[in-house]
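The first residue in the sequence is number 1, and the count goes up from there.
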Amino acid sequence: MNETEDDMKLFEIIKKCLLRLLNNDPEVRQKISDVASVPDKSRKSETEDENKKLKAEIERLKRENAGLDEEKKRLDNELRALRVTLKNTSEDAEKKIQSARDASVKELERAKAVVVGLQEKLQGYEQKLDGASVIEKQYELYRSLPESLRKSMAGIINGETLWKFLISGAQTERQELFWEFCRTEVQKSNGLTYAAILKSLFVFFSENIASLSSASLYELYEPSEGSEFKTDSMIPSNSGAQSGRVELVVLPGLKGVNTGKINKKAVVKLED
């Protein structure tokens, strides 16, 4: 038997003795209880250290929590400030957008007004061009007449230039004179040869006089084709019948604007 086995046997014997004493001897139990109730100084010291550490941790956590509360307040304030800034920025943006929209509307209206003005000017230019074209056409008709005929009307119509032609024929006091000249020509034996040109010139100058003067004395009188011949307002052409119905108006007459009276009768060619 070795030393270890002897020690184990001895331990068992002591253990049994102690258990017997613990079960049978009240004094031993009391003593053991007293010994067990005596605090362990090292253990107490460890507990106190743990308590100090816990208190320190609690204080640290309290400070940390207080710091978090302050941070939360700061963030809340920043959030409120950002909301105010966002609201103001949004309102400013809406004002700027509305202002830009109003400016665009005004610019569009101005552009429309410019376009309308340009269109009116263009229309005026077109009318002038049309008028110039009509004048040029009438001047060409005038120049197509025989020189002898043009010379005979020189006291009424000055055809040296386009503008002299236009101005001379648009004078009110020459309107009746020109009608008399045209009537004499169209009533000649060969009068109908140039009757259409003379009629065109007479109508052109008469319309010019009416458009240029607000106090025009006369308006053209032109009976409708097929109407019955009337001696009080018509003159029969020497180139046709002397009674019946109107086949062609060779030369319009002149009727008073205010009186309605026929001052110059219309020269008409009657149906055969």
Side-chain angles (χ1 to χ4, degrees), residues 126-146 149-150 152-159 162-188 190-271:
E126 289 175 346
Q127 289 175 349
K128 288 180 180 179
L129 289 173
D130 291 341
S133 177
V134 170
I135 295 170
E136 289 175 354
K137 180 181 178 181
Q138 293 300 320
Y139 188 55
E140 289 300 320
L141 285 176
Y142 164 80
R143 290 177 62 83
S144 70
L145 293 172
L149 188 56
R150 282 186 278 130
S152 64
M153 71 171 75
I156 304 171
I157 304 299
N158 186 340
L162 175 64
W163 294 112
K164 286 182 179 181
F165 166 78
L166 178 64
I167 293 170
S168 62
Q171 296 180 33
T172 305
E173 62 272 15
R174 296 188 179 186
Q175 189 174 15
E176 290 187 67
L177 290 175
F178 192 42
W179 182 89
E180 292 287 355
F181 174 84
C182 292
R183 187 202 62 162
T184 300
E185 291 297 322
V186 299
Q187 290 292 66
K188 291 179 178 179
N190 63 341
L192 293 184
T193 305
Y194 303 109
I197 295 177
L198 292 174
K199 176 183 177 181
S200 179
L201 291 173
F202 179 72
V203 170
F204 169 70
F205 285 126
S206 295
E207 289 177 347
N208 271 358
I209 291 170
S211 64
L212 293 172
S213 175
S214 58
S216 177
L217 297 176
Y218 303 117
E219 62 184 8
L220 293 173
Y221 166 65
E222 191 166 359
S224 58
E225 294 179 2
S227 60
E228 192 71 29
F229 173 74
K230 296 180 180 180
T231 58
D232 59 347
S233 60
M234 305 178 200
I235 300 173
S237 168
N238 292 335
S239 302
Q242 298 300 299
S243 63
R245 294 186 176 277
V246 176
E247 178 183 337
L248 174 70
V249 177
V250 179
L251 180 68
L254 291 175
K255 182 171 67 173
V257 172
N258 298 320
T259 63
K261 178 183 175 181
I262 301 296
N263 291 78
K264 299 295 179 182
K265 299 179 180 180
V267 179
V268 295
K269 183 178 184 299
L270 302 177
E271 296 175 352

Please report the shortest heavy-atom distance between [X] and [Y], naming the atom on each side.
X	Y	value
Met234	Ser227	CE-OG, 4.2 Å
Val203	Leu220	CG1-CD1, 3.9 Å
Ser224	Val246	O-CB, 4.0 Å
Ser206	Leu254	OG-CD2, 4.5 Å
Val250	Ser237	CG2-CB, 4.3 Å
Ile209	Gln171	CD1-O, 3.7 Å

Would the distance check show the side chain of [X] and the main-chain N or O of [Y] forming a donor-acceptor pair, the cut-off being under 3.5 Å?
X	Y	value
Glu219	Gly260	no
Trp179	Pro252	yes
Thr184	Glu180	yes
Lys199	Cys182	no
Ser152	Leu149	yes

> What do you reckon, is CZ of Arg143 surrounded by more than 12 foreign heavy atoms closer than 6.0 Å?
Replying inline: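 No, because the 6.0 Å sphere around CZ of Arg143 holds 12 heavy atoms or fewer from other groups.
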>> For Tyr221, is the OH atom crowded, meaning more than 12 foreign heavy atoms sit under 6.0 Å from it?
In response: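 Counting neighbours around OH of Tyr221, more than 12 heavy atoms of other residues, nucleotides or ligands fall under 6.0 Å, so yes.
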>> I want to know whether Phe165 and Phe205 have ring centres closer than 6.0 Å.
In response: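 Between Phe205 and Phe165, which both carry aromatic rings, the centre distance is below 6.0 Å.
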>> Working note: Asn263 + Leu217, criterion side chain to side chain contact (heavy atoms under 4.5 Å, CB included); need CA distance, chi angles, decisive distance, verdict.
In response: CA-CA 10 Å; Asn263 291 78; Leu217 297 176; over 6 Å; no
> Can you find a pair of side-chain heavy atoms, one from Ile135 and one from Gln138, that are under 4.5 Å apart?
Replying inline: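 Answer no - side chains too far apart.
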> Name the one of Lys264, Glu176, Lys255 that satisfies side-chain contact (heavy atoms from CB on, under 4.5 Å) with Tyr218?
Replying inline: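 The single option meeting the side-chain contact (heavy atoms from CB on, under 4.5 Å) with Tyr218 is Glu176.
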> If you measure from the Lys or Arg side-chain nitrogens to the Asp or Glu carboxylate oxygens, is any gap between Lys137 and Glu140 under 4.0 Å?
Replying inline: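 No, no charged N to carboxylate O under 4.0 Å.
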Kindly compute the distance separating [atom1] ([X]) from [atom2] ([Y]), expressed to the nearest 0.5 Å.
X	Y	atom1	atom2	value
Leu166	Phe204	CG	CZ	5.5 Å
Ile157	Ile167	CD1	CD1	12.0 Å
Glu225	Glu271	CD	CD	9.0 Å
Gln242	Ile235	CD	CD1	11.0 Å
Met153	Leu177	CE	CG	13.0 Å
Thr193	Leu198	OG1	CG	10.5 Å

